[in-house]
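Throughout, protein chains are lettered first and strands after them, A, B, ... in sequence-line order, and every chain is numbered starting at 1.
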Amino acid sequence: MSTTAQATIEPGLPVEIGRIDKELGKLWEETGDTKTRASLINLAIYTESAESVLANTNLISQIASQYACRALLIFAKPNAPQEEAKAWISAHCHLAGKGERQICSEQITFELDGDMVSALPNIVFSHLDSDLPLYFWWQGNFREPLDKKLWGWVDRLIYDSADWAAPAEQFSLVQKIRTLTEIRTILCDLNWTRLIGARFALAQLFDHSCALARVNKIERVSISCAKRTTGLLLLGWLAAQLGWKLQSLTGSERFLSPAGAPVDFEIQVIDGPTIGRCAFECTDSTLEIARQPGSEYFHARIDCEGISDTMMLVPAGKSETSEILVSELSRGGKHPLYRKALAVVEPLIK
Amino acid sequence: MPDTKEVNPLREGLSSRAMPQPCAVVIFGATGDLTHRKLVPALYNLAADGALPPAVSVVGFARRDKSDEVFRKELEEAARKFSRQPINDQMWVGFASSIFYHRSEFDVLEGYESLAKRLDELDAQRGTRGNRLYYLSAGPDQFPVILENLRKSDLNRAQPGSWARVIVEKPFGSDLPSAQRLNELVKEAFSEKDTFRIDHYLGKETAQNMMVMRFANAIFEQLWNARYIDHFQITASEPLGVEGRAGYYDKAGALRDMVQNHLLQLLCLTAMEPPAGLDADAVRDEKVKVLKSLRPITGDDVRKHVVRAQYGAGTINGKRVPAYRDEQNINPESVTETHVALHINIDNWRWAGVPFFVRVGKRLPKASTEIAIQFKAAPPVLFNVEGQTIDSNALVIRIQPDEGVALRMSAKMPGSSLRIEPVKMDFHYGTSFGKATPEAYERLLLDAMGGDATLFARRDEVEEAWTFVDAIRAEWDKNSDDLALYAAGTWGPTEADELIKRYGATWRRL
């Protein structure tokens, strides 16, 4: 058993899959009363990358200190020639309160080789902490055919659309999964969660009376971002919230405001922060939030009649993957705005 | 109700609560302890979490002569010491630029008139839209003059489309007549909907969770009545002495300082009926009904139902501490109570015959505030027969520290013989949610800015609570020969143990 300070770098203690519960029980017996097991959710992570097993184990360790869980890390090798399933158990502990006790989250790591990958629901779901919701983080691409047995169990499906090489196809598969589960599964795109800082900053920008008075007079929006899908989601959110409708003309697109006025847009992909800049142009004013590489803040600027160069510093939000995931776990909710934003920009996703 | 005007469409879904409108927060008594330890760290944390409207200005109003810069520097030092989250230099620079200092005596009208001009200037510079939140954090003897001058200088009047609100710190009066006088003064300047009487206990996460636990979990509410509950124990203990509050405390005592406000508020949340809604008045209507149902403790009943005591010398955490009367700035012949234990009855249908035992004390062995619900024992058949005592169930809601909920139940010990022992199911906020919970003042400041008075006391609540407490004080004032003594570091006087023992119960071991 390890503490957060000495993060486990091995998947843990090898165990027979049929003896996981017994071995976990033994692990706790050995600790006496010095450690407390805690769990709020089942967090399953699926990966096909061997390198990410260690990274994910470290990530679980960081998450567990803030959000107690039973973690199920699944490393799948669907193309392996042999059919085999292996498991390891470990625990992530951290000192709580005034340091008088340690709180621990369990991790079960599975390696599924060859055809054993198709048995994923049976192997994994027999080791869930009962009555707790299942959050499933699918790292990598979704593939057809979709297994209803698998997806039917998932309460929250976590993925990161920023990583997708073919986002149009992947978004379509995600929608199919949601339909398979009769819309019970909540979609949690970390690419969307990553935008919380920028959305907060933009909301703060428009809290200013001068900016709010111009929210319906925007003529152009320019977004600089690290990944195109991230910029598109931000654009989709702005459009959905401000009532803009996408208009496709010959070879080019723009939005129409509720009053029917055109709103042009530009998305620039630039190495740097998730969102480097989001600027709005109106006839008599410019408004923007901008973030320098390495900075934890957006600088908000309002340049309009009467008030110019009003500088505001707004937190840019979390950027580490573990922080983004904790943010997602803590906020909860069904993300209706994500679905609205996605629907608006779907024709722009290639 | 929270403000809903001029809705920013980009705010939707970002938080479960509406972002308050930008405003100027004017703190009267800005050089005091509360501003440094609680208010400014709370405002900083809100700003750092992105929960504070960006254009909020903080204006400190106090007598001492100092510049904005000096004031900011002092607040920065305090914030670095007392803030829940570490101060980020870059963030602090931005936050500090919104802090200003206004020097004036509290009783000089010109000081308020110049404050009005300064606030107008800040409105123009920062877009605060004429919204004002006045925080009375000065000594309570200054409240009347501050309120009077706010009214005379028209600072209490909001411009059309804006608002002006006042937060009044405790103590809200020292008895019913003084509370009524203060309420009248407040009423002359601010309407009830713009008056926020703060009780920081109500801003604590677990106090708010009380409503969720009772009314979002069907299993508890079914049992929440005289049929299943034997009695309640509400405890607020602290190892601290009077610290820097000797002057105030020696006049107030534990009954006024803690019972009239914090503990009666917790009792109300515990005993009230489900409100018709979650709006401020629906919740406060139910709390007032509880206060109106408290059986008055008067005359000879005071000695029967209330124990007052004062700490003598003793040992706390391995250190010798002096007796209350030997503390600095305390009258050596003081008869002020530092510990009170009460047996309270609520005369309504739900709680007929269920005693509420309330105790509060200084220089007790540990800091703990909790509400314990002691359920009735299982019928004396099967396991609960003579010769085998089975502890009844207890549900404990820990308010501070280590916020959480615990349920004690009976379980069979493993083995061939039938041995039944109590076991505990324990939920700790800190264990399941590693994230630090916001300070009570953060929530309450944000609520006041948003116009949501749910977690603040209404005029009738305050006055009903004083009515209950004043009856006890009136009896105490006749003579003090019932004042018991307890050694610092113990759990209070034996008289308090006897008070609860008469009912066949004992105080919980904390």
Side-chain angles (χ1 to χ4, degrees), chain A residues 36-40 63-69 94 96-98 101 103-104 196-197 199-213 215-216 237-238 240-243 295-297 299-300 302 306-307 310-317 326 330-333 335-338 340, chain B residues 5-16 18-23 45-56 85 88-98 123-131 161-162 367 401-404 426-437:
Chain A
T36 304
R37 186 183 77 92
S39 184
L40 287 168
I63 291 164
S65 66
Q66 294 186 61
Y67 212 87
C69 60
H94 65 277
K98 290 173 184 160
R101 64 180 194 280
I103 309 301
C104 301
I196 283 177
R199 288 168 57 210
F200 259 112
L202 287 168
Q204 290 236 7
L205 182 76
F206 283 95
D207 277 337
H208 199 287
S209 52
C210 177
L212 190 56
V215 76
N216 292 320
W237 169 69
L238 286 167
Q241 296 309 106
L242 302 181
S295 170
E296 293 173 27
Y297 298 94
H299 284 268
I302 296 172
I307 295 179
T310 297
M311 292 301 294
M312 294 184 287
L313 203 60
V314 189
V326 166
S330 308
R331 286 176 67 81
H335 304 315
L337 297 186
Y338 168 67
K340 271 168 73 181
Chain B
K5 285 179 296 177
E6 296 181 66
V7 174
N8 174 354
L10 301 186
R11 279 274 162 217
E12 186 192 350
L14 281 178
S15 134
S16 58
M19 175 63 98
Q21 292 175 357
C23 64
N45 281 311
L46 288 172
D49 289 346
L52 196 68
V56 162
Q85 52 187 319
N88 176 295
D89 293 341
Q90 206 183 353
M91 187 74 213
W92 177 264
V93 170
F95 175 70
S97 68
S98 69
D123 279 341
Q125 285 166 20
R126 301 178 57 80
T128 34
R129 309 186 203 173
N131 296 321
S162 305
D402 190 19
E403 296 95 328
D426 210 348
F427 164 71
H428 298 257
Y429 266 82
T431 300
S432 296
F433 304 102
K435 180 180 159 185
T437 51

Which atoms of [X] are under 4.5 Å from chain B, going by heavy atoms: the side chain, the backbone, both sets, or neither?
X	result
A/Val314	neither
A/Tyr297	side chain
A/Leu202	both
A/Ser295	side chain

Separation between [atom1] of [X] and [atom2] of [Y], rounded to the nearest 0.5 Å:
X	Y	atom1	atom2	result
A/Arg199	B/Arg11	CZ	CZ	10.5 Å
A/Leu313	B/Trp92	CG	CH2	13.5 Å
B/Leu10	A/Leu242	CG	CG	5.0 Å

### Message
Applying side chain to side chain donor-acceptor pair (under 3.5 Å), can you list everything that pairs with B/Gln85, at least two apart in sequence or on another chain?
### Response
B/Asn45, B/Asp49
